[in-house]
Amino acid sequence: MASQNQQQQDETAIDKMNSQLTAAGDKIANNKKIIFWGVGVIAVVAVFVLSYLFIYRNPHLQGAYEAYNKVETEVMGNDSLAAVKYMEVANQYKHDKAGKLAALSAGQALYNEGKYAEAADYLKRFSSDDDVLEANTLVLVGDCYVNLKKYDEALDYFQKAVRKANSNPQIVPRVLLKEANVYDEQKKYDKALECYTQIKDGYPDFKFGNGLSIDAYIARENARLAK
């Protein structure tokens, strides 16, 4: 996994370098007076990028993933120790993918310990090209704020999660349900009703874990609004 991620990052850097070299080549073709100087610049850029990849970046990435994997094997089932160890990796390698993954794991461990403010801080450092993983992380940040009773912040992250989930039927109705619960806590029953209506209209196959139907929730909010 680590080597695959490392290879992908290396390929991206090389592609970027190729793009830069192509652009430089086009400029040189349009101005023959600076062709020799331009070729020199291209050579310097190529040497710098390749040196960065193979002298510094590759070993650095390998070290980041090795540190993360080491924590994975050492702290299984111990949230308190996991939080400390993952935080160390996240802080040391904060700009690498392994560091961001460690930040996610640290956030999860901190959440399990009930340290919601710290958990939110680390979870917000995580980013991914995987929309499902990104959306679920945003949901967990929202959950942190719910536990901190910072409901507006929670709703903000739940709404971000819905947008990132892009109509995913496993994520969106679950997040809308969380939004509705927050609106109920704020006594904004009209907003809660909107969430339940969205679930009914857009995700009719969504199953509630308590056996109640979506119509029961809608009826409850209508009753509250009628008072």
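As a basis for the values below, the full set of heavy atoms in this structure was taken, side chains included, without hydrogen atoms, waters or symmetry mates. Not measured: the values here are computed from a predicted model.
- Residue Asp156 holds its CG atom at 10.0 Å from CD of Glu179, rounded to the nearest 0.5 Å.
- Looking at Leu81 and Tyr86, their side chains never come closer than 4.5 Å, going by heavy atoms from C-beta outward.
- Counting only heavy atoms from C-beta outward, the side chains of Asn166 and Val172 never approach each other to under 4.5 Å.
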Phe126 vs Leu101, side chain to side chain contact (heavy atoms under 4.5 Å, CB included): CA-CA, chis, key distance, verdict: CA-CA 7 Å; Phe126 177 75; Leu101 190 60; 4.3 Å; yes

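- Note that the CD atom of Glu185 and the NZ atom of Lys149 stand 6.0 Å from one another [nearest 0.5 Å].
- A distance-only check finds a donor-acceptor pair linking the side chain of Arg125 to the backbone of Ala90 [under 3.5 Å].
- Going from atom CG of Asp184 over to atom CD of Glu221 covers 4.0 Å, rounded to the nearest 0.5 Å.
- Taken from OG1 in Thr197 to CG in Leu176, the straight-line distance is 10.5 Å, to the nearest 0.5 Å.
- Nearest heavy-atom pair across Leu140 and Gln108 is CD2-CG, 3.9 Å.
- Taking all atoms of both residues into account, the shortest heavy-atom contact from Phe158 to Val175 is O-CG1, 3.3 Å.
- Rounding to the nearest 0.5 Å gives a distance of 10.0 Å between NZ of Lys100 and NZ of Lys97.
- Sorted by first and then second residue, the pairs that involve residues 127-143 and meet side chain to side chain donor-acceptor pair (under 3.5 Å), not counting sequence neighbours, are Asn136-Arg174, Asp143-Lys178.
- In terms of heavy atoms, Gly142 sits closest to Ala154 at O-CB, 3.4 Å.
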Residue pair Val162, Leu138: steps toward the side chain to side chain contact (heavy atoms under 4.5 Å, CB included) verdict: CA-CA 9 Å; Val162 168; Leu138 292 168; over 6 Å; no

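- Residue Lys124 qualifies as enclosed at atom NZ: its count of foreign heavy atoms under 6.0 Å is above 12.
- In terms of heavy-atom proximity, Ala192 sits nearest to Ala180 at CB-O, 3.7 Å.
- Pairs of residues two or more places apart, or lying in two chains, that qualify as ring pair (Phe, Tyr, Trp, His ring centres under 6.0 Å) and include a residue from residues 161-204 are Tyr196-Tyr217.
- Rounding to the nearest 0.5 angstrom, the gap separating the CD1 atom in Ile218 from the NZ atom in Lys200 is 5.0 Å.
- Here the closest non-hydrogen pair linking Ala161 and Ala135 is CB-O, 3.6 Å.
- Here the side chains of Leu155 and Gln186 are in contact, with some heavy-atom distance below 4.5 Å.
- Residues Met87 and Glu118 are in side-chain contact: their nearest non-hydrogen atoms beyond the backbone lie under 4.5 Å apart.
- The side-chain contact (heavy atoms from CB on, under 4.5 Å) test with Cys144 is passed by exactly one of Leu123, Asp121, Leu110: Leu123.
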Test side chain to side chain contact (heavy atoms under 4.5 Å, CB included) applied to Tyr151 and Tyr145, step by step: CA-CA 6 Å; Tyr151 297 128; Tyr145 284 122; over 6 Å; no

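- Among all heavy-atom pairs drawn from Ile199 and Pro173, the shortest one is CD1-O, 3.6 Å.
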CA sep, side-chain torsions, deciding dist, call: Gln159, Arg163, side chain to side chain contact (heavy atoms under 4.5 Å, CB included): CA-CA 6 Å; Gln159 289 159 9; Arg163 291 193 294 270; 4.0 Å; yes

